[in-house]
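Heavy atoms only: backbone and side chains are in, while hydrogens, waters and symmetry mates are out. Computed from a predicted model, the values in this text were never measured in an experiment.
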Amino acid sequence: MKYTPIHKSKTGFSYTNEKAVLEAMDKLGFELKKVRGYSEKYWITGRTIDGKSYDLVDGNRYYKLVLNRFDFGIEAPGDYNAWSMAGKIHEEMGKLISEKKSA
């Protein structure tokens, strides 16, 4: 499993706000399910876009949202899968923040 951070604490001492991350993922339409035995890991099982639901588990391609103390990111099999999904989520979270600031 490869881990790619979506966002890291700028100072290295700011804690990850779990509630804010989960709310943002919900606003982006991601469907999360807790990983059994881990309070800080969530399976990303699907995504709803424009009212249509899409499955994100495809054979050996699957993603976990991991909330660490000072960062959060994606865990997936293979470097590219984790890097690609983390990049997409980072970009979309940035758009959410920009929209919130301009409102």
Self-check item: From K64 atom NZ to K33 atom NZ, the distance as rounded to the nearest 0.5 Å
Solution: 13.0 Å
Practice problem: Could you tell me which residues satisfy side-chain hydrogen bond (donor to acceptor under 3.5 Å, both in side chains) with E40, sequence neighbours excluded, listed by chain and number? | Solution: none
Quiz item: Is the closest side-chain donor-acceptor distance between Y62 and N81 under 3.5 Å?
Solution: no
Practice problem: Kindly indicate whether the side chain of F72, heavy atoms from C-beta on, has any atom under 4.5 Å from the side chain of V66. | Solution: no
Quiz prompt | I89 and F30: CA distance, side-chain angles, deciding distance, side-chain contact (heavy atoms from CB on, under 4.5 Å) verdict | solution = CA-CA 10 Å; I89 293 172; F30 287 99; 3.8 Å; yes
Practice problem: Sequence neighbours left out, what passes side chain to side chain contact (heavy atoms under 4.5 Å, CB included) with E23? Give chain and number order. | Solution: K19
Quiz item: If you round to the nearest 0.5 Å, how far is CG of L65 from CD1 of I74?
Solution: 5.5 Å
Self-check item: Distance (rounded to the nearest 0.5 Å) between I44 CD1 and Y63 OH
Solution: 8.5 Å
Quiz item: CD of E75 to NZ of K2: how many Å apart, nearest 0.5 Å?
Solution: 11.0 Å
Quiz item: What residues join F70 in its hydrophobic cluster, counting side-chain heavy atom gaps under 4.5 Å, either direct or through other members?
Solution: Y15
Quiz prompt | Point-to-point distance, once rounded to the nearest 0.5 Å, from CE of M85 to CD1 of I6 | solution = 9.0 Å
Exercise. Compare all side-chain heavy atoms of T16 with those of N68 and state whether any distance is below 4.5 angstrom.
Key: no
Quiz item: With T48, which residues qualify under side-chain hydrogen bond (donor to acceptor under 3.5 Å, both in side chains), at least two apart?
Solution: E31
Self-check item: Within one Ile-Leu-Val-Met-Phe-Trp-Tyr cluster: L67 and I97, side-chain cutoff 4.5 Å
Solution: no
Self-check item: L32 vs L22 side-chain heavy atoms within contact, under 4.5 Å
Solution: yes
Self-check item: E92/R47 ion pair, N-O < 4.0 Å
Solution: yes
Self-check item: Any residue meeting side chain to side chain contact (heavy atoms under 4.5 Å, CB included) with S39, in chain and number order, not counting sequence neighbours
Solution: K34
Quiz item: Listed by chain and number, what are the side-chain hydrogen bond (donor to acceptor under 3.5 Å, both in side chains) partners of D79, not counting sequence neighbours?
Solution: none
Quiz item: How far does CE of M1 sit from OH of Y3, to the nearest 0.5 angstrom?
Solution: 12.0 Å
